[in-house]
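Structure first, commentary second.
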Amino acid sequence: MRNYVTLICTPALDELYPDIEKKLFFDTPQNDGHGHLSTNIALSLNKQLKKNPREIAAAIIAAIKYDPAIIEKIEIAGPGFINFFFTSSYIASTVKTICDEGTEYGKSHKYSGKRANVEFVSANPTGPLTVGHGRNAVCGDTAANLLEWIGYSVDREYYFNNAGRQMRVLGDSVRHRYLQKLGDAIEFPADYYQGEYITELGELLVTEYGDKLRNEPAEGVFKDRAEQAMFEDIKKSLKKIGIEHSVFFNENSLYTDGKITEVLNLFKEKGLSYEKDDAIWLKLSELGNEQDKVIVKSTGEPTYRLPDIAYHIDKFNRNYDLLIDIFGSDHNATYPDVMAALKSMGYDTSKVAVLIHQFVTVTQGGEVVKMSTRKANYITLDELIDEAGSDVVRFFFNMRSINSHMNFDVDLAKKQSDENPVFYMQYAHARICSIMRMAEEQKLEASFENLALLSTKEEQKLIINLGFFPDIVLQSGEALEPHKVAGYLMETAEAFHRFYTQCRIIQSPPQVASARLALCLAAKTVIANGLRVLGVSSPERM
RNA sequence: GCGCCCGUAGCUCAAUUGGAUAGAGCAUCAGCCUUCUAAGCUGGGGGUCGGUGGUUCGAGUCCACCCGGGCGUACCA
């Protein structure tokens, strides 16, 4: 629908005002009297043209050539809005379009042939995923879905590190639990990983090896087993909410492949690094950032910045058109350095989109659950999925803007009732399926022959809503804002439920019933497709 | 101190490049099932959009300052 109005307005504007920069946008007005789509173009040209916006609007309308079978009327309203009204027969015809395209409806080819890489989760295998990781995971996977829907071919990537201090501590934590299980009077350090899963691993190793590991170092079998177990756990949790990464990139490989040294040499060649206090610094202040930062510590060990830069270079070299990083807000200080470094090396950083989501506050029993990995005081993503279900978890994260400091109400998530917003859409879908079953028993079939009969307010509103789905997917995908799809689907479900209460199907005259069945099919298609974008299932019964 | 994010109905959150009367869910109150799923529908109450100035035809949205909260601000990741 936006396509068509854009198509008819653009030539009219170019003809009238060839030398003026125009920003043409269309809104969906709240008020029914304001048409199906509306543009403020005349208001926005007001200043440049120094003319009354209503006069400008009148001139534009006069210049627009349109098909009267599609557009019923174009009106000037208020201070100078131009409102477009579609004909009800055109609106009705979108029902057929939707059903014809089926599971493909809503997809766009705008970015066909382009490749995107979405890197998300990327938690090191030191413990189970928490609710916080859940937001990152859902956000990343849904962003990836959206990109696929607008044409990209997408790789989902997980960047991890199984070396370094954290992992040594993990291994040693298991070793301590192992020795404790063997009966050794050994104290468990307070800053070690306190989680139950560590104890279980220690015990498991006792069952498997008896006391044979007593003199093993932390970094051998203890660390390896811990890492393996953690990763299995993480992958299992992700799979439960429908997430599978196609690439697992080990930070360690950047060292073994010499990528780190390469980058280091490059900085040196370009004169962008220098030594001070036995450390190597990057001249970020010369690259427009606030201050220089250490990239190699005086111990000879790189800081996280260096491998991060090397990793992004690797991604760049894999020739993606779009690179997406999903971070929690605790990382918001790290990416400007990486971006500045990449830019200095000639990489086009406009290809990188960094999505930073804010933290999740978890509440249970009306109280905030304080998360602490070290104290093992957290709710794991796994527990949450088991208790609330994958659909609820995915929908809860997807319904909020990533900028919102969202609250995750565990009690609400667990409720299998109308208080839980996910079911509103799923129920609409199940209802439609139920109608389909009933129609089949009655030998009623959907038909596109008499779509013009879909003329009640409820029918028209539902169809108009369904017709906007492709616009929403495109907007949401380009802006990387999954919550818009969620919000849209709530409106779709609402429009359907209203239609359902007002418009009977089975008892209606056959032609009306057939047309309404076609509309039901279209609504089912949109709801199912929309939920698929969000990674939520569409149940046939509830 | 500085940087990013947030402050909107009792609660959780929307509000499409600055647009028309600021919306939805939950909660609350009043109605609606002998007919396709009541996990639904209809209606009511509930707001100085944190505050004060400014920009303009128009500001929840942009700018300045202030108040309050989250996350950062490492030779941790």
Side-chain angles (χ1 to χ4, degrees), chain A residues 23-31 33-34 38 40 43-44 46-47 52-53 77-81 83 122-124 161 164-166 251 276-281 290-291 293-305 307-308 328-334 336 356-359 361 363 366 399-409 412 415-424 426-428 430-439 441-442 444 471-472 475-476 479 481 483-484 486-487 490-491 493-494 496-498 500-508 513 516 520 541-542:
Chain A
K23 288 183 191 162
L24 182 62
F25 290 102
F26 295 95
D27 281 351
T28 51
Q30 303 288 333
N31 188 323
H34 296 153
S38 169
N40 63 348
L43 290 160
S44 74
N46 167 29
K47 234 176 245 152
N52 182 325
F81 293 102
N83 297 335
S122 296
N124 289 339
N161 191 7
R165 198 187 63 85
Q166 279 184 52
E251 180 185 327
K276 192 180 96 183
D277 305 332
D278 294 326
I280 299 177
W281 295 68
E290 234 165 69
Q291 50 185 344
K293 296 276 174 67
V294 170
I295 48 173
V296 180
K297 299 184 234 174
S298 54
T299 57
E301 206 179 349
T303 64
Y304 63 87
R305 255 176 286 269
D308 267 10
S329 64
D330 54 337
H331 283 238
N332 74 25
T334 77
I356 293 183
H357 65 264
Q358 297 303 313
F359 272 29
T361 306
T363 55
M399 69 183 175
R400 304 305 182 204
S401 151
I402 64 167
N403 286 327
S404 109
H405 299 251
M406 73 171 278
N407 179 46
F408 198 113
D409 184 339
L412 177 61
K415 275 188 188 156
Q416 302 285 313
S417 76
D418 59 354
E419 283 174 56
N420 195 326
V422 197
F423 301 123
Y424 190 67
Q426 293 190 315
Y427 184 59
R431 266 185 154 175
I432 298 172
C433 293
S434 171
I435 295 169
M436 297 303 170
R437 287 190 294 270
M438 193 69 69
E441 280 175 25
Q442 311 257 332
L444 273 173
D471 288 345
I472 297 289
Q475 283 173 4
S476 187
E481 291 182 331
H483 76 279
K484 299 209 165 168
M490 292 295 283
E491 286 172 15
E494 185 186 7
F496 172 77
H497 285 308
R498 282 185 181 157
Y500 177 91
T501 359
Q502 288 302 317
C503 307
R504 296 267 115 189
I505 294 165
I506 309 294
Q507 297 88 347
S508 297
R516 285 181 176 168
C520 284
R541 292 170 202 272
M542 284 176 75

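Everything quoted here is computed from the prediction, not taken from an experiment. Numbered from 1 within each chain, the chains take letters A, B, ... in sequence-line order.
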Work out how far the [atom1] atom of [N] is from that of [M], and round it to whole angstrom.
N	M	atom1	value
B:rA74	B:rU16	C1'	40 Å
B:rG60	B:rG7	C1'	11 Å
B:rG45	B:rC4	C1'	39 Å
B:rC5	B:rA22	C1'	22 Å
B:rG58	B:rG54	C1'	15 Å
B:rA59	B:rG18	C1'	7 Å
B:rA9	B:rC29	C1'	16 Å
B:rG68	B:rC49	C1'	16 Å

What does [X] touch in the nucleic acid at a heavy-atom separation under 4.0 angstrom: a base, only the sugar-phosphate, or nothing?
X	answer
A:Tyr500	base
A:His497	sugar-phosphate
A:Arg498	sugar-phosphate
A:Asn407	sugar-phosphate
A:Ala479	nothing
A:Gln416	base
A:Ser434	base
A:Asn52	nothing
A:Ser404	sugar-phosphate
A:His331	base
A:Lys293	nothing
A:Met438	sugar-phosphate
A:Gln358	base
A:Asp471	nothing

Checklist entry - Are A:Arg437 and A:Glu441 close enough for a salt bridge, meaning some N to O gap below 4.0 Å? => result no
Rounded to the nearest 0.5 Å, what's the gap from [atom1] on [X] to [atom2] on [Y]? Could you check?
X	Y	atom1	atom2	value
A:Ile472	A:Gln475	CD1	CD	5.5 Å
A:Met436	A:Ile505	CE	CD1	7.5 Å
A:Asp409	A:Asn420	CG	CG	9.5 Å
A:His34	A:Asn83	NE2	CG	6.5 Å
A:His405	A:Arg400	NE2	CZ	14.0 Å
A:Asn161	A:Ser122	CG	OG	11.0 Å

Checklist entry - Where each residue is assigned the nucleotide of RNA chain B containing its nearest heavy atom, which of A:Ala430 and A:Ser401 is assigned the position nearer the 5′ end? => result A:Ser401
Checklist outcome for this item: Assert: residue with more 5' nearest nucleotide on RNA chain B, out of A:Cys433 and A:Thr28, is A:Thr28
Next on the checklist: Is B:rC33 syn or anti, taking syn as a glycosidic angle within 90° of 0?
Outcome noted: syn
Item to check | Nucleotide interval of RNA chain B bounded by contacts with chain A (heavy-atom cut-off, under 4.0 Å) | outcome: B:rC2 to B:rA77
Checklist entry - Heavy-atom distance under 4.5 Å between the side chains of A:Met399 and A:Met406, does that happen here? => result no
Checklist entry - Do you know which two heavy atoms are closest between A:Tyr424 and A:Met490, and how far apart they sit? => result CE2-O, 3.6 Å
Checklist entry - If you look at every heavy atom in A:Lys276 and A:Trp281, which pair is closest and at what distance? => result O-NE1, 3.2 Å
Checklist entry - Stems in RNA chain B: runs of 3 or more consecutive Watson-Crick or G-U pairs, distances under 3.5 Å? => result B:1-7 with B:67-73, B:10-13 with B:23-26, B:28-32 with B:40-44, B:50-54 with B:62-66
Checklist entry - Any donor and acceptor pair, going by atom type alone, linking the side chain of A:Asn31 with main-chain N or O of A:Gly33 inside 3.5 Å? => result yes
